[in-house]
Visitor: 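The structure under discussion is supplied below as structure tokens; questions concerning it will follow.
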Amino acid sequence: MAKTWYPVIDYLVCAECGTCAAKCPHGVFDSAKAPSPVVKNPEACIDHCHNCGNRCPTGAITYVGDNTSWVPPHGTQKSKETGCSCEGHCC
Ligand code: SF4
Ligand code: SF4
């Protein structure tokens, strides 16, 4: 349990695929709002877990309290700048 560690969604980058809400086994996301990712229970998030961020296809998830060198494995810097999830295909 950690109130100092929980996911933050960049909605300009999020593609609303629903993966994060579907794959978190700890009920952090509001299942009623899926596939839109809404963090409902941040206190249930597991300290230093990057599971949802590692699965996010657009790199939209970062973490409050993250002092590791972790970076989202998917998505591009360009898509983050433009808010487009094309990963370089259209812009
Ligand atoms: S970091 Fe882990 S525990 Fe926290 S919301 Fe993501 S999958 Fe769930
Ligand atoms: S996994 Fe990423 S793109 Fe998919 S809903 Fe979650 S934050 Fe959005």
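From a predicted model like this one, the values you see are computed outputs, not experimental measurements. All ligand and atom numbering here is 1-based and tracks the order in the structure.
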Visitor: List the atom pairs, donor and acceptor, that lie under 3.5 Å between side-chain atoms in residues 21-29 and the rest of the protein, sequence neighbours left out.
Guide:
none

Visitor: Report the residues that fulfil side chain to side chain contact (heavy atoms under 4.5 Å, CB included) with Ser69, sequence neighbours left out, ordered by chain and then residue number.
Guide: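 Ser69: no side chain to side chain contact (heavy atoms under 4.5 Å, CB included) contacts found.
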Visitor: May I ask you to list the atoms of ligand 2 that are less than 4.0 angstrom from any heavy atom of Cys17?
Guide: 1 (S), 3 (S), 4 (Fe), 5 (S)
Visitor: Have His50 and Asp66 got a donor and an acceptor in their side chains that come within less than 3.5 Å?
Guide: yes
Visitor: Between the side chain of Trp5 and the main-chain N/O of Cys49, is any donor-acceptor distance below 3.5 Å?
Guide: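 The answer is yes, because a donor-acceptor pair under 3.5 Å joins these two groups.
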Visitor: Under the 3.5 angstrom rule, does the side chain of Thr58 hit a backbone N or O of Val13 as a donor-acceptor pair?
Guide: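 Between the backbone of Val13 and the side chain of Thr58 there is a qualifying donor-acceptor contact (under 3.5 Å).
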Visitor: Go through ligand 2 atom by atom and flag the ones less than 4.0 Å from a non-hydrogen atom of Thr58.
Guide: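 In order of number, 3 (S).
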Visitor: Measuring from atom OH of Tyr6 to atom CG of Asn41, what distance do you get when rounded to the nearest 0.5 angstrom?
Guide: 13.0 Å
Visitor: Check the pair Ile9 / Ile61 against side-chain contact (heavy atoms from CB on, under 4.5 Å), numbers first and verdict last.
Guide: CA-CA 5 Å; Ile9 313 300; Ile61 300 176; 3.7 Å; yes
Visitor: Identify, with sequence neighbours excluded, every residue that meets side chain to side chain contact (heavy atoms under 4.5 Å, CB included) alongside Lys33.
Guide: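 Partners of Lys33 under the side chain to side chain contact (heavy atoms under 4.5 Å, CB included) test: Asp30, Val38.
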Visitor: Would you mind listing which atoms of ligand 2 come within a distance below 4.0 Å of any non-hydrogen atom of Ala15?
Guide: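 That gives atoms 3 (S), 8 (Fe) of ligand 2.
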Visitor: Looking at atom 4 (Fe) of ligand 2, is one of the N, O or S atoms of Cys14 less than 2.8 Å from it?
Guide: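 Here the distance criterion (N, O or S atom, under 2.8 Å) is not met by Cys14, so no.
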Visitor: Ligand 1: which residues have a non-hydrogen atom closer than 4.0 Å?
Guide: Pro7, Cys24, His26, Val28, Phe29, Cys45, Ile46, Cys49, Asn51, Cys52, Tyr63
